[in-house]
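Report on the following structure.
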2 protein chains.
Amino acid sequence: MPRTDDSTPHDSTPPAPPRRSDATRAAILDAARERFATDGYERATIRAIARDARIDPSMVMRYYGNKEGLFAAAVTVDLELPDLTALPREEAGRALVTHFLDMWEENDVLTALLRVGATNRAGAERMQGIFRDQVLPVARQVCPDPEQAPARAALAATQLLGLALTRYVLRFPPTVALPRGEVVAWLAPTLQRYLTAPSP
Amino acid sequence: MPRTDDSTPHDSTPPAPPRRSDATRAAILDAARERFATDGYERATIRAIARDARIDPSMVMRYYGNKEGLFAAAVTVDLELPDLTALPREEAGRALVTHFLDMWEENDVLTALLRVGATNRAGAERMQGIFRDQVLPVARQVCPDPEQAPARAALAATQLLGLALTRYVLRFPPTVALPRGEVVAWLAPTLQRYLTAPSP
DNA sequence: TGTGTAGGCCAACAAGTGTTGACGCGCTCG
DNA sequence: CGAGCGCGTCAACACTTGTTGGCCTACACA
């Protein structure tokens, strides 16, 4: 069975020999990300993805094993969360909101993951992993009591994912119409409170 | 083509003659709600729903026309939002959070709708309709400036739907573990601020 | 009691799914 | 120059999906 890794920067072990098919592999991943983002897991068919990438569906199988493997290879998320210890503590909320908005607007992997996570158990578990490995550690940086970090990070996640859901997936008109600056102004204090304010 | 209405209370026109097949129709709708809630639209197959209801798949077609019709009949949402004018204005946030938690915990129609809305355009439009027809009017009751009601209601929706998403769909462990009282204590001030505080 | 009709099941359909294996071209290296 | 292998296509598989039409049964009403 061929390797299923791609050219994402977090590769390990061998320095990855360049292959003649790298362009095709990348085209498949691009098409897959877009289809997963707009259609969700079930309706993003391998045939449609292959058509978008202008290759035969069997290539997808050869390079990524099966549909699950394709999803795993196409949807890898690095939130690139900032180091909150480098900021004044009272700016954590604002920094998180702006960073999340940036991420969601430039990257449809996040939309893909949210759409898939809502209907697919594997997708939901993937999101749990991202929360645990990427969001929680950042929350620990600013939470007063580290024991409360999971609960506080979870609260922050409800607000941020709720924003993403209504703005980028469900597309509620008033949420979409909200200017970016207003979103930041409203949500930053909420996140700041969830992360740093004393328990109510 | 047979009627596709069910026994929901908002029927209109004729007083709905009782049919011998009412029990079957109800069993189909029950099974459909559960399947849509756990599997989403695509993976909730008519065959599986029929098996749950212990009838033949063709019955579903006869009574509800097609899968879309079944979804429309099975997933009708009435949020039963309280009349906020009857409360002191500063309790609106708390009232909304407690009411939403009640609704989500007793009713898997809401989970079904959220799962479907995330991957299905018709589902998303249905949610937009509920927001417009049920949430917005309530927001108008408490918003200082009615012109700001859509934006404020949208902000409230991000927080409430984000809670529902992480707690009942994605099932983030720390969000699920959060005691109901703590959820209310943390979210009520947020909603209160979104709905009634002066613009930031 | 006879009959029409509503309720229900069975079998089949066309279309689309993920997945597999055989086959051919063309580059690369000996 | 020739052999090998990576890249890609074609055709088919087994299966599931939504959907349809025919047939049988049993109830309700004449």
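Just so you know, these numbers come straight off a predicted model, no measurement behind them. Naming: A, B, ... by sequence-line order, numbering from 1 per chain.
- Computed from coordinates, the B:Asp56 CG to C:dA11 P distance equals 10 Å when rounded to whole Å.
- Between the side chain of B:Asn107 and the backbone N or O of B:Leu110 there is no donor-acceptor pair closer than 3.5 Å.
- A donor-acceptor contact under 3.5 angstrom links the side-chain atoms of A:Ser58 to the base of D:dC10.
- Not counting sequence neighbours, the partners of A:Thr158 by the side-chain hydrogen bond (donor to acceptor under 3.5 Å, both in side chains) test are B:Gln159.
- For A:Arg19 against D:dG6, no side-chain N or O and base N or O form a donor-acceptor pair under 3.5 Å.
- Of the candidates C:dT19, C:dG8, D:dT9, the closest approach to any side-chain atom of A:Met59 belongs to D:dT9.
- A:Gln192 places a side-chain N or O within donor-acceptor distance of the main-chain N or O of A:Arg89, the cut-off being under 3.5 Å.
- In this structure, B:Ile49 atom CD1 and D:dG18 atom P are separated by 8 Å, rounded to whole Å.
- Atom CZ of A:Arg54 and atom P of D:dT9 are 12 Å apart (whole Å).
- Interface residues of residues 37-48 of chain A facing DNA chain C, ordered by number: A:Thr45, A:Ile46, A:Arg47; criterion, heavy-atom separation under 4.0 Å.
- Nearest to the side-chain atoms of A:Met61 among the listed nucleotides C:dG7, D:dC10, C:dT20 stands C:dT20.
- Taking the six-membered ring where tryptophan is involved, the planes of A:Tyr41 and A:Phe71 are perpendicular, since the angle between them exceeds 60° and thus also 30°.
- Separation of atoms CZ (B:Phe172) and CZ (A:Phe131) is listed at 6.5 Å; rounding is to 0.5 Å.
- Here the C1' atom of nucleotide C:dT17 and the CZ atom of A:Arg51 are 13 Å apart, to the nearest Å.
- A:Asn66 places its CG atom 8 Å from the P atom of C:dT20, with the value rounded to the nearest Å.
- Distance, B:Leu70 CG to D:dG18 P: 10 Å, rounded to whole Å.
- Nearest nucleotide to the side chain of B:Lys67, out of C:dG8, D:dC7, D:dG18: D:dG18.
- For the pair B:Phe71 CZ and D:dG18 C1', the interatomic distance rounds to 17 Å; values are reported in whole Å.
- Salt-bridge formation is detected for the pair A:Glu105/A:Arg167: a Lys NZ or Arg NE/NH1/NH2 atom is positioned less than 4.0 Å from an Asp or Glu carboxylate oxygen.
- Distance OH (B:Tyr63) to C1' (D:dT20): 16 Å, rounded to an integer number of Å.
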Notebook entry, point to check: Is there a side-chain hydrogen bond (donor to acceptor under 3.5 Å, both in side chains) between A:Thr190 and B:Arg193 once you walk through the steps?
Noted result: CA-CA 9 Å; A:Thr190 303; B:Arg193 187 164 61 84; 2.5 Å; yes
